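Remember, it's a predicted structure, so these values are computed and weren't measured experimentally. Values below: all heavy atoms of this structure, side chains included; hydrogens, waters and symmetry mates excluded.
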Amino acid sequence: MTAVTASMMMTLDGFVAGPNVRVPDNPGGDGGERLHEWIAGLASWRERQGLEGGERNADDDLVRAWFDATGAVVMGRLMFDTGEQHWGEDPPFRAPVFVLTNRSRPHVVKQGGTSYTFVTDGIESALAQARAAAGERNVDVAGGADTVQQFIRAGLLDELHLHVLPVLFGEGVRLLDRLGPGLVELEPVHVIEGDGATHLKYAFPRRGATP
């Protein structure tokens with residue numbers, strides 16, 4: 001069954017971007033590049049960038065499984081605007097991407113299986129289209145933080161994968177913020193101690209289920 005997942009890199013104090021986020025010159029905020037250092041040298045990540053070599057370890061196995069399981073991607077317009085110039089004609093997604101936006105654009109097809117569909121009628125419409133495109137594979141909510149928060153508030157996220165870095169930002173953009181009132185009990189699925197990050201996986205209760 002298709003799962004709706006979000007896989008996010010996060011500091012120990014809960015930030016997915018540093019302070020002073022600016023698009024396009026400082027999209028990750030001050031120190032934001034630290035969040036991605038652990039993944040940049042992995043073989044699975046380098047393959048997605050069209051590069052050879054890279055480390056093969058527990059981190060790489062996990063990232064490769066994440067890529068293999070993902071059949072479609074949902075992201076916010078800010079993330080798209082930030083990344084588009086870097087991803088170029090051969091983006092790393094290798095799957096249909098559905099971009100949440102208030103500004104419609106024509107469907108775009110890139111190399112390597114990536115395409116961009118711009119969805120103007122909300123997250124449930126984007127998710128329905130992504131599910132149809134993903135088939136039996138997962139839909140990954142790529143971010144940013146606001147988009148993941150919308151999915152959590154709507155009860156549409158099945159799994160949250162956190163790659164926690166042993167670093168403190170002190171301020172910046174928090175992932176688990178603005179979620180609204182109410183207790184939500186998540187089920188711990190696994191904890192994997194990687195070479196570059198600690199990987200936590202949690203399952204959300206299905207909509208309508210009693211925790």
Novice: Are Val189 and Leu162 linked, directly or through intermediate hydrophobic residues, by side-chain heavy-atom contacts shorter than 4.5 Å (ILVMFWY only)?
Specialist: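 Hydrophobic grouping puts Leu162 apart from Val189.
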
Novice: Can Leu62 be reached from Tyr202 by stepping across I, L, V, M, F, W or Y side chains whose heavy atoms are under 4.5 Å apart?
Specialist: no

Novice: Please name all residues satisfying salt bridge (charged side-chain N to carboxylate O under 4.0 Å, His left out) with Glu193, sequence neighbours left out, ordered by chain then number.
Specialist: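 Applying salt bridge (charged side-chain N to carboxylate O under 4.0 Å, His left out) to Glu193 gives none.
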
Novice: Using the side-chain contact (heavy atoms from CB on, under 4.5 Å) rule, take Val148 and Leu175 through it: C-alpha gap first, then chi angles, then the decisive distance, then the call.
Specialist: CA-CA 8 Å; Val148 175; Leu175 176 63; 3.9 Å; yes

Novice: Check this for me: Glu52, atom CD, are more than 12 non-hydrogen atoms of other residues, nucleotides or ligands nearer than 6.0 Å?
Specialist: no

Novice: Are Val74 and Leu160 linked, directly or through intermediate hydrophobic residues, by side-chain heavy-atom contacts shorter than 4.5 Å (ILVMFWY only)?
Specialist: yes

Novice: Starting from Trp45 and following side-chain heavy-atom contacts under 4.5 Å between hydrophobic residues (I, L, V, M, F, W, Y), which residues can be reached?
Specialist: Met9, Phe15, Leu35, Trp38, Ile39, Leu42, Val63, Trp66, Phe67, Leu165, Val167, Phe169

Novice: For the pair Arg77 and Asp81, find out whether any cationic side-chain nitrogen is under 4.0 Å from an anionic carboxylate oxygen.
Specialist: yes

Novice: For Glu89, give me all partners under side-chain hydrogen bond (donor to acceptor under 3.5 Å, both in side chains), at least two apart in sequence or on another chain.
Specialist: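 With neighbours one apart ignored, the set is Lys110.
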
Novice: Determine whether Val119 and Val109 fall in the same hydrophobic cluster, where Ile, Leu, Val, Met, Phe, Trp and Tyr are linked whenever their side-chain heavy atoms lie under 4.5 Å apart.
Specialist: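 As far as the 4.5 Å side-chain criterion goes, Val109 and Val119 are not connected within one cluster.
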
Novice: Quick check on Asn102: does its CG atom have over 12 non-hydrogen neighbours (other residues, nucleotides or ligands) under 6.0 Å away?
Specialist: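 No, not enclosed.
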
Novice: Check this for me: does any side-chain nitrogen of one of Glu55 and Arg64 sit under 4.0 Å from a carboxylate oxygen of the other?
Specialist: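 No salt bridge links Glu55 with Arg64.
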
Novice: Go through the structure and list residues passing salt bridge (charged side-chain N to carboxylate O under 4.0 Å, His left out) with Asp90, not counting sequence neighbours.
Specialist: Arg94

Novice: Please name the pair of heavy atoms, one in Ala72 and one in Ala130, separated by the smallest distance, quoted to 0.1 Å.
Specialist: CB-O, 3.4 Å

Novice: May I ask you to test the Asp13-Leu168 pair for a side-chain heavy-atom distance under 4.5 Å?
Specialist: yes

Novice: Residues two or more places apart in sequence or in another chain: which of them pass side-chain hydrogen bond (donor to acceptor under 3.5 Å, both in side chains) with Thr70?
Specialist: none

Novice: Where do Ala133 and Pro96 come nearest, in terms of heavy atoms and distance?
Specialist: CB-CG, 4.0 Å

Novice: Is there a path from Leu186 to Ile192 through hydrophobic residues (I, L, V, M, F, W, Y) whose side chains come within less than 4.5 Å of each other?
Specialist: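 No: no chain of side-chain contacts under 4.5 Å links Leu186 to Ile192.
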
Novice: To the nearest 0.5 Å, what is the distance between CD1 on Ile123 and CG on Leu157?
Specialist: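 Rounded to the nearest 0.5 Å, the CD1-CG separation comes out at 10.0 Å.
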
Novice: Under the salt bridge (Lys or Arg N to Asp or Glu O under 4.0 Å) rule, what pairs show up with a residue in residues 167-181, not counting sequence neighbours?
Specialist: Asp146-Arg178

Novice: Taking all non-hydrogen atoms of both residues into account, name the closest pair between Gly54 and Arg46 and its distance.
Specialist: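 Heavy atoms of Gly54 and Arg46 come nearest at CA-CD, 3.6 Å.
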
Novice: Only counting residues at least two apart or in another chain, list the ones meeting salt bridge (charged side-chain N to carboxylate O under 4.0 Å, His left out) with Glu84.
Specialist: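 Result, salt bridge (charged side-chain N to carboxylate O under 4.0 Å, His left out) vs Glu84: Arg105.
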
Novice: Find the distance between CG (Asp140) and OG1 (Thr5) and round it off to the nearest 0.5 Å.
Specialist: 3.5 Å

Novice: Okay, side chain of Asp60, backbone of Ser44: is any donor-acceptor separation there less than 3.5 Å?
Specialist: yes

Novice: Judged by modelled atom types alone, do Ser7 and His163 share a side-chain donor-acceptor pair under 3.5 Å?
Specialist: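 Yes, side-chain donor-acceptor contact under 3.5 Å.
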
Novice: Using the salt bridge (charged side-chain N to carboxylate O under 4.0 Å, His left out) criterion, which residues pair with Arg48? Sequence neighbours excluded.
Specialist: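 Result, salt bridge (charged side-chain N to carboxylate O under 4.0 Å, His left out) vs Arg48: none returned.
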
Novice: Cluster partners of Met75, using ILVMFWY side-chain heavy atoms under 4.5 angstrom, listed by chain and number?
Specialist: Val73, Met79, Phe80, Trp87, Phe93, Val97, Val99, Val108, Tyr116, Phe118

Novice: What are the two closest heavy atoms between Arg103 and Thr120, and how far apart are they?
Specialist: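 Smallest heavy-atom distance, with atoms named: C-CG2, 4.3 Å.
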
Novice: Counting only N and O atoms by type, is there a donor-acceptor contact under 3.5 Å from the side chain of Asn57 to the main-chain atoms of Asp59?
Specialist: yes

Novice: Does some side-chain heavy atom of His161 sit less than 4.5 Å from a side-chain heavy atom of Leu200?
Specialist: no

Novice: Show every salt bridge (Lys or Arg N to Asp or Glu O under 4.0 Å) that has at least one partner inside residues 25-34, sequence neighbours left out.
Specialist: Arg22-Asp25, Arg34-Glu37

Novice: What pairs of residues pass the salt bridge (Lys or Arg N to Asp or Glu O under 4.0 Å) test when at least one of them lies in residues 148-165, not counting sequence neighbours?
Specialist: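 Sorted result for residues 148-165: Asp158-Arg206, Glu159-Lys201.
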
Novice: Can you tell me how far CZ of Arg131 sits from CG of Asn138, rounded to the nearest 0.5 angstrom?
Specialist: 9.5 Å

Novice: How does the hydrophobic cluster around Leu51 look, that is, which other residues are in it when side-chain heavy atoms under 4.5 Å mark a link?
Specialist: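 None; Leu51 is a cluster of one.
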
Novice: Might you point out which heavy atoms bring Thr2 and Glu136 nearest each other, and give the distance in Å?
Specialist: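 Looking at all heavy atoms of both residues, the shortest contact is OG1-C, 3.9 Å.
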
Novice: For Asn20 and Asn26, work out which heavy atoms get closest and say how close.
Specialist: O-ND2, 2.9 Å

